[in-house]
Amino acid sequence: MAAPWQDVVRDAAAVRDAAAVAVDAALLAGVLMRTGEQPLSSDVVNYAPFTLLPSAVPQALFEQAYTVQQDFNLLVDAISQNREFLEQTLASTIKVDDFTARLFRIYMQVLEEGLAQTVFLGINRSDYMFDCGLDGTTALKQIEINTIAASFGGLTSRTADVHGLVLKVLGKTKEASHLLPNNPAKGLALGIAKAWELYGSQSAVVMFLVEEIQRNIFDQRCVENELWNRNIRVIRRRFRDVFEKGSLDGSRRLYIDNQEVAVVYYREGYVPQNYDQQNWEARLLLERSRAVKCPDIATQLAGTKKVQQELSCPGTLEKLLPGRPEAVARMRATFAGLYSLDEGEEGDKIAATAIADPDRFVLKPQREGGGNNLYGEELRQVLQKIKDSPERTSYILMDKIRPQPALNYLLRAHSPLQVSECISELGIFGVYVRQGQEMVLNEAAGHLLRTKAIQHADGGVAAGVAVLDTPYLV
Ligand code: ADP
Ligand code: MG
């Protein structure tokens, strides 16, 4: 599945020219990030890292990923409403993983009080790699579903134009015209706007809950600006602001700085480092409120690695989505092998298998954001150490996906231009809105292709490993 420009990859002069054009095009198009040195100021910005060339993606797998997205939207939504499933599935995890346990406590607390929220908005991104079999066939295999703060839907709306220009510079005009338009930011904003409308208060705002460090602000601005274009007011606040100035009225409407908040869109709150005691209190306040949380705490829990592993067990999908055998089959076809490390015979067996043959697996804790998984020798050592302790339960095991590498250049500010063997990960953005029991919107909103050098087993764009890319369908 090589792209039709693997010939030019070795032409140093052509590559150098194209890279110079590419970087300026990215800056012009707004493929931007703040710098590590000045993450709170837009005075100095850089281009977000991206590939020089679009990467080949098998068309059939690309279409498969789009087709199954509405199924995954339904699934995530169903899990978020299934207390029994979440309780049972996370029971062993919350005994040993403090972060999941704290989220779970808030979940139980808001359920006990009774939900004030009646409109639900999900924005997720289901990520895949193209597993290459021994016979050369490729298969779409899900890496994970991100149910909170799934990013780069904004910046990636602008990469297709940049890559189109690069292909033209390289004399590939016909190929340039085949790049697909893609605008997840617009689709995300559509979902937020729908939720805002159903909340039903013209004067209420959408609040982006953002991190203290805001390097990826331009990605978020793409979505914000789509909302302003629809005459919906957007404010940006941190947990700290919510703690200091947030309040609920008698019917649990959320107010901050005297403004009513209709929708809270989290771009924060997915890792333990995002929380101190005050931030946990702010999170609880938000969850108790009537505002539409994207995601609500139940939907965040639906995105844990432990839930993902449980979904792969026989019968689980059928139980969660009764009467939808086609959807179940479409989703299951994308699952890689996933294994529980819960205490007991089955867990002992798979732990022993992984210690004997670590390169077959990835060991995953209940964490997000890249850079947390363990591979190879490190996997073996860690598993060896914890195999007889309850700590084992905070991880899951997954079969390692093996994509076919392709040559490309990863363009990153202040880095030399050099060719790398690369693999890609395709994400599809899903958006849905539910009012009471009625699904009023369920869509695939666009895609994100991220590419990294094969030396890095793990890590996303924000983690400084992967870069933005554009799929070229083959
Ligand atoms: P996170 O929540 O940290 O993003 P992921 O499950 O997405 O966790 O894993 C992070 C990265 O690790 C992925 O982007 C991918 O590059 C790599 N990875 C994860 N699972 C696998 C797998 N089963 N096979 C190969 N690589 C994987
Ligand atoms: Mg990931």
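Residue numbers count from 1 along this sequence. Quick caveat: nothing in here was measured; it's all calculated off a predicted structure. In listed order, ligands and their atoms are each counted from 1.
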Just to confirm my output: which protein heavy-atom neighbour is closest to atom 6 (O) of ligand 1, and how far is it? Lys364 NZ, 2.6 Å

Would Ile401 count as being in polar contact with ligand 1, using the rule that some N or O on each side must be under 3.5 angstrom apart? yes

Where does Arg367 meet ligand 1, judged by heavy-atom distances below 4.0 Å: at the side chain, the backbone, both, or neither? backbone

For Glu84, does the CD atom have more than 12 heavy-atom neighbours from other residues, nucleotides or ligands under 6.0 Å away? no

Any atoms of ligand 1 less than 4.0 Å from a non-hydrogen atom of Lys305? List them with their elements. 1 (P), 2 (O), 6 (O), 8 (O)

So, the side chain of Asp458 versus the backbone of Asn373: is there a donor-acceptor pair under 3.5 Å, distance only? yes

Answer yes or no: does an N/O atom from Gly370 fall short of 3.5 Å to an N/O atom of ligand 1? yes

Looking only at heavy atoms of Met129, does any of them come nearer than 4.0 Å to an atom of ligand 1? yes

Ile423 to ligand 1, any heavy atom closer than 4.0 Å: no

Starting from atom 9 (O) of ligand 1, locate the nearest protein heavy atom and write down its residue, its atom name and how far away it is, to 0.1 Å. Asn373 ND2, 2.9 Å

Compare all side-chain heavy atoms of Lys293 with those of Leu209 and state whether any distance is below 4.5 angstrom. no

Ignoring hydrogens and angles, state whether a donor on the side chain of Lys305 or Gln308 is under 3.5 Å from an acceptor on the partner side chain. no

Considering only protein heavy atoms, which is closest to atom 11 (C) of ligand 1, and at what distance to one decimal place? Asp458 OD1, 3.3 Å

Assess, by modelled atom type and distance only, whether the side chains of Asn279 and Asn274 contain a donor and an acceptor separated by less than 3.5 Å. no

Side chains of Thr470 and Thr159: any donor to acceptor distance under 3.5 Å? yes

Counting backbone and side chain alike, does Glu144 bring an N/O/S atom below 2.8 Å of the Mg ion (ligand 2)? yes

Is Gly460 near ligand 1, meaning one of its heavy atoms is under 4.0 Å from it? no

Return a yes/no value for Lys400: is any of its N or O atoms, backbone included, closer than 3.5 angstrom to an N or O of ligand 1? no

Does either side chain, that of Ser126 or that of Gln142, offer a donor lying less than 3.5 Å from an acceptor on the other one? yes

Looking only at protein heavy atoms, which one is nearest to atom 21 (C) of ligand 1, and what is the separation? Ile143 CD1, 3.6 Å

Consider every N or O of Tyr375 and every N or O of ligand 1, then say whether any pair is closer than 3.5 Å. yes

Any side-chain to backbone donor/acceptor pair from Glu287 onto Ile297? Under 3.5 Å, distance only. yes

Without hydrogens or angle criteria, can the side chains of Asn73 and Asn124 be said to hold a donor-acceptor pair below 3.5 Å? yes

Quick test of your reading of the structure: of Glu368, Gln308, Glu144, Met398, whose heavy atom lies closest to atom 4 (O) of ligand 1? Glu144

Could you tell me whether Glu346 atom CD has more than 12 heavy atoms of other residues or ligands within 6.0 Å of it? no

Can you find an N/O atom of Asn146 closer than 3.5 Å to an N/O atom of ligand 1? no

Considering the heavy atoms of Lys452, write down every atom of ligand 1 situated less than 4.0 Å from one of them. 15 (C), 16 (O)

Which heavy-atom pair separates Ile386 from Arg392 by the least distance, and what is that distance? O-CB, 3.5 Å

Name the orientation class of the two ring planes belonging to Phe62 and Tyr66 (parallel below 30°, tilted from 30 to 60°, perpendicular beyond 60°). tilted

To check your reading of the model: name the closest protein heavy atom to atom 13 (C) of ligand 1, its residue, and the distance in Å. Glu425 OE1, 3.3 Å

Assess Arg283 against Tyr266: is NZ or CZ under 6.0 Å from the centre of the six-membered ring, and within 45 degrees of the ring's axis? yes

Considering only non-hydrogen protein atoms, determine which one is nearest to atom 23 (N) of ligand 1 and report residue, atom name and distance to 0.1 Å. Asp399 O, 2.9 Å

Please state whether Ala457 comes within less than 4.0 angstrom of ligand 1, counting heavy atoms only. yes

Is there a heavy atom of Val362 sitting under 4.0 angstrom from any atom of ligand 1? yes

